[in-house]
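Data first, discussion second: the structure below is written as structure tokens.
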Amino acid sequence: HMLYETKGAGEPIIFLPGLFAGGWIWDTVGQNMVNKGFKIFTFTAPIPVSFDGSQQKAFSELDAITENCSTPVYIVGNSLGALIGLHYASQRKDRIKGIIMSGAPGQIEMETGVTLEELKTGKDEYTTLLGSRIFYDQSKIPQYAVEEVKYLFGTEKTFRNIVRWLFFSRKYDVPAVLQNIAIPIDFIWGEYDRITPIEPWIDIAKQFPQTSMTIIKNSGHSPMVEDPEAFTDALLTRLLAGKS
């Protein structure tokens with residue numbers, strides 16, 4: 001069973017999901033990129049399902065794609081997927097053309113406003129609270145996103161994988177990695193991200209010449225869901241800058 005879906009033809013882009021959300025978050029942006037002449041690979045299940053709790057699994061799945069691409073690949077990731085994309089690129093520099101990170105952990109602790117144990121109860125009040133932290137515009141929360149979180153936290157194996165990835169993100173040294181990587185790394189962040197606040201990433205973008213920051217107005221932790229058109233514009237701007 002393939003863990004990812006492939007669409008389109010052209011320059012390759014890998015879309016990585018988040019810790020709590022699957023590849024559906026990229027539906028609109030991904031289709032926009034296909035329409036613009038890119039080939040996309042989208043991992044369908046959230047990170048703790050797609051990659052279990054293992055960096056090794058993440059690398060072998062990403063290797064399977066990048067080894068078969070004739071040109072270097074862009075990686076676009078949200079939340080934990082963004083951090084995994086950065087980590088992969090730092091180890092496979094020749095295979096990656098650029099990284100686009102959105103809502104990555106690794107700077108300020110992920111401020112979910114609820115504990116893992118509370119989410120594990122599966123109670124609506126906790127999943128709703130998490131949703132209200134993730135989305136700036138509450139009307140944009142899809143019902144299946146709430147069901148997805150309940151499933152992830154209600155499955156013991158997946159819950160253990162979540163804990164492993166949170167441990168990975170907490171000890172990950174983003175600036176140290178950026179010291180040793182020259183490819184373009186672009187941050188596209190929701191202005192009101194309350195899960196992984198934007199401020200430290202604005203500072204990083206000022207420190208490292210290969211990085212840039214684009215802020216998506218009126219969006220939270222998942223700007224690709226809240227304003228997919230603005231996100232697409234920012235993404236195209238970054239990728240086309242890489243072509244010049």
Side-chain angles (χ1 to χ4, degrees), residues 2-47 50 62 65-66 68-86 88-89 96-104 134-137 139-145 148 183-193 196 198 201 211-244:
M2 282 299 221
L3 292 179
Y4 53 86
E5 289 172 353
T6 309
K7 272 187 185 174
E11 218 176 348
I13 305 175
I14 297 172
F15 285 101
L16 291 177
L19 184 63
F20 305 137
W24 62 267
I25 60 174
W26 298 113
D27 284 355
T28 306
V29 170
Q31 189 55 53
N32 288 347
M33 297 312 284
V34 169
N35 297 346
K36 291 285 182 185
F38 289 85
K39 179 175 188 176
I40 68 166
F41 302 85
T42 309
F43 281 85
T44 48
I47 294 294
S50 284
L62 290 166
I65 297 175
T66 59
N68 289 305
C69 289
S70 55
T71 57
V73 177
Y74 288 105
I75 294 186
V76 182
N78 179 224
S79 193
L80 188 76
L83 207 58
I84 293 171
L86 176 65
Y88 181 78
I96 304 303
K97 187 162 186 183
I99 315 160
I100 289 81
M101 301 176 67
S102 184
I134 291 175
F135 286 84
Y136 174 69
D137 179 350
S139 72
K140 301 267 173 74
I141 304 175
Q143 184 51 40
Y144 51 83
E148 194 164 48
I183 58 174
I185 301 167
D186 299 301
F187 308 140
I188 304 178
W189 234 261
E191 178 182 18
Y192 299 109
D193 189 333
T196 50
I198 195 170
W201 295 92
T211 64
S212 74
M213 169 61 80
T214 307
I215 300 170
I216 306 291
K217 301 271 183 214
N218 301 318
S219 287
H221 184 58
S222 302
M224 68 295 304
V225 179
E226 292 201 62
D227 194 345
E229 300 314 320
F231 195 97
T232 301
D233 289 346
L235 184 53
L236 278 169
T237 300
R238 303 319 325 167
L239 301 197
L240 298 176
K243 280 189 160 72
S244 58

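Within a 6.0 Å radius of NZ in Lys36, other residues, nucleotides and ligands contribute 12 heavy atoms or fewer. The local environment of CD in Glu5 is sparse, with at most 12 non-hydrogen atoms from other residues, nucleotides or ligands closer than 6.0 Å.
Side-chain contact check for Thr66 versus Ile14: some heavy-atom pair is nearer than 4.5 Å. Arg238 places none of its side-chain heavy atoms less than 4.5 Å from the side chain of Pro184. Under the 4.5 Å side-chain criterion, counting only non-hydrogen atoms from C-beta, Leu239 is in contact with Ile13. Inter-residue side-chain proximity for Thr28 and Met224 is flagged as unmet; no heavy-atom pair is nearer than 4.5 Å. Residues Phe135 and Pro142 are in side-chain contact: their nearest non-hydrogen atoms beyond the backbone lie under 4.5 Å apart. Taking 4.5 Å as the limit, every side-chain heavy atom of Glu191 sits out of range of all side-chain heavy atoms of Ile198. The closest side-chain heavy-atom distance from Trp24 to Glu148 is below 4.5 Å. The shortest side-chain heavy-atom distance between Phe231 and Thr214 does not fall under the 4.5 Å cut-off.
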Practice problem: Please step through side-chain contact (heavy atoms from CB on, under 4.5 Å) for the pair Lys97 and Thr71, ending with a clear verdict. | Solution: CA-CA 8 Å; Lys97 187 162 186 183; Thr71 57; over 6 Å; no

Exercise. Report the C-alpha distance between Met33 and Leu236 in whole Å, list the side-chain angles of each, state the deciding distance to 0.1 Å, and finish with yes or no for side-chain contact (heavy atoms from CB on, under 4.5 Å).
Key: CA-CA 8 Å; Met33 297 312 284; Leu236 278 169; 3.7 Å; yes

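Of all non-hydrogen atoms in Asp227 and Ser219, the two that sit nearest each other are CB-OG, 4.0 Å. Here the closest non-hydrogen pair linking Pro46 and Leu19 is CB-O, 3.8 Å. Listed here is the closest heavy atom pair of Glu226 and Asp137: OE1-N, 2.9 Å. Residues Pro12 and Pro72 come closest through the heavy atom pair CG-O, 3.9 Å. Nearest heavy atom pair, residue Ala82 against residue Ala104, reads CB-CB, 3.8 Å. Taking every heavy atom of both residues into account, Ala234 and Ile216 meet most closely at CB-CD1, 4.3 Å.
The backbone N or O of Phe41 lies less than 3.5 Å from no partner atom in the side chain of Thr6, so there is not a single donor-acceptor pair. Checking side-chain atoms of Asn78 against main-chain N and O of His221 turns up a donor-acceptor pair under 3.5 Å.
Taking CH2 of Trp189 as the start and CH2 of Trp201 as the end, the distance is 4.5 Å to the nearest 0.5 Å. How far OG1 of Thr196 is from CD1 of Ile134: 9.5 Å, rounded to the nearest 0.5 Å. To the nearest 0.5 angstrom, Ile188 atom CD1 is 10.0 Å from Met213 atom CE. Atom-to-atom distance recorded for Leu16:CG and Ser102:OG is 12.5 Å, nearest 0.5 angstrom. We find the CD1-CG distance between Ile96 and Leu62 to be 7.5 Å, quoted to the nearest 0.5 Å. In this structure, the separation between CZ on Phe15 and CD1 on Ile40 is 5.5 Å, given to the nearest 0.5 Å.
For the 3.5 Å distance criterion, the side chains of Gln31 and Asp27 fail to qualify, holding no donor opposite an acceptor.
Ring centroid separation for the pair Trp26 and Phe43 does not come in under the 6.0 Å cut-off.
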